[in-house]
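Quick notes on the structure that follows.
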Amino acid sequence: MRKIGLFGGTFDPPHYGHLIMAEQVYESLQLDEVWFIPTNHPPHKEDAKSNGILRKEMIEAAIQGHPAFRVNGIELNRTGKSYTIDTIRDLQREYPDTAFYFIIGGDMVEYLPKWHQIDELNEIVQFVGVNRPGHSMETAYNIEEVEMPLINISSTMIRDRVANDRSIRYLTTPEVKVIIEKSKLYQR
Ligand code: ATP
């Protein structure tokens with residue numbers, strides 16, 4: 001069985017927190033691949049500031065050169081709210097001999113009880129939780145924990161910095177920074 005990590009998020013923009021997190025899980029669980037899945041309409045927060053095509057492009061730029069990281073646009077092609085359970089069911093149908101691991105940070109671990117059809121979801125996929133500053137990993141759900149060095153970077157921080165003409169160097173990759181600048185994303 002192939003072992004694939006699924007990493008859902010808005011990635012608006014992707015940053016080093018995401019990349020470090022994906023790499024730690026990839027290594028600890030000895031996954032074959034990690035698929036980054038940009039969400040279209042997140043159920044739990046506002047839609048992203050930048051469109052799906054640009055966010056997909058930024059993820060591709062962020063993971064370039066990694067032999068096992070991919071982007072999967074499955075949620076961008078679906079209308080309505082992007083429920084994880086629909087994504088998992090579709091992927092399990094499309095890739096039968098595959099064990100999927102759904103990767104989430106501490107804030108999402110705390111939020112799990114509110115996820116759409118969480119009990120069914122918990123039955124069909126293994127959650128992998130990664131620690132995030134300011135959030136606990138306590139949950140009633142069965143999650144496999146992976147440690148990462150605490151990184152207090154968020155996409156919100158990067159968007160705010162761009163809007164205030166502050167530096168985002170070393171918060172995301174140079175390639176992502178180029179796209180943000182070229183496409184004039186997040187400016188006030
Ligand atoms: P925003 O600031 O726009 O809410 P974000 O930085 O939280 O965005 P998302 O794309 O929403 O990024 O996050 C995708 C996933 O990555 C979520 O499961 C989130 O918990 C996790 N994550 C993001 N940043 C970190 C981080 N610095 N440490 C640990 N987990 C993180």
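Only this structure's heavy atoms are used, side chains among them; waters, hydrogens and symmetry mates stay out. In each ligand, atom 1 is the first atom listed, and ligand 1 is the first ligand listed.
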So, is [X] polar-close to ligand 1, with some N/O to N/O distance under 3.5 Å?
{"X": "Gly9", "value": "no"}
{"X": "Ile153", "value": "yes"}
{"X": "Gly105", "value": "yes"}
{"X": "Phe7", "value": "no"}

Trace of the side-chain hydrogen bond (donor to acceptor under 3.5 Å, both in side chains) decision for Tyr186 with Asp12: CA-CA 9 Å; Tyr186 317 128; Asp12 188 26; 2.6 Å; yes

Criterion side-chain hydrogen bond (donor to acceptor under 3.5 Å, both in side chains) on Asp47 and His41, from CA distance to verdict: CA-CA 6 Å; Asp47 279 3; His41 302 296; 2.7 Å; yes

Plane angle bin for Phe11 and Phe7 - parallel if under 30°, tilted between 30 and 60°, otherwise perpendicular: perpendicular

Does [X] have a heavy atom less than 4.0 Å from any atom of ligand 1?
{"X": "Asp107", "result": "yes"}
{"X": "His15", "result": "yes"}
{"X": "Asp12", "result": "no"}

Give the atom numbers and elements of ligand 1 that come within less than 4.0 Å of a heavy atom of [X].
{"X": "Ser155", "answer": "1 (P), 2 (O), 3 (O), 5 (P), 6 (O), 8 (O), 12 (O)"}
{"X": "Gly8", "answer": "14 (C), 15 (C)"}
{"X": "Phe11", "answer": "10 (O)"}

Option with minimal heavy-atom separation from atom 31 (C) of ligand 1, where the choices are Lys49, Met21, His18: Met21

Close side-chain approach of Ile118 and Pro113, heavy atoms under 4.5 Å: no

What side-chain donor-acceptor pairs closer than 3.5 Å can you find for residues 86-100, not counting sequence neighbours?
unit_1 : atom_1 : unit_2 : atom_2 : d
Thr87  : OG1    : Glu75  : OE2    : 2.6
Thr87  : OG1    : Arg78  : NH1    : 3.2
Thr87  : OG1    : Arg78  : NH2    : 3.1
Thr87  : OG1    : Tyr83  : O      : 3.4
Asp90  : OD1    : Arg93  : NH2    : 2.7
Gln92  : NE2    : Ile124 : O      : 2.9
Thr98  : OG1    : Tyr95  : O      : 3.2

Donor on one side chain, acceptor on other, Asn152 and Arg132, under 3.5 Å: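 The criterion, which ignores hydrogens and geometry beyond distance, is not satisfied for Arg132 and Asn152.
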
Arg2, CZ: over 12 other non-hydrogen atoms inside 6.0 angstrom: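 Yes - once you tally the heavy atoms of other residues, nucleotides and ligands closer than 6.0 Å, there are more than 12.
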
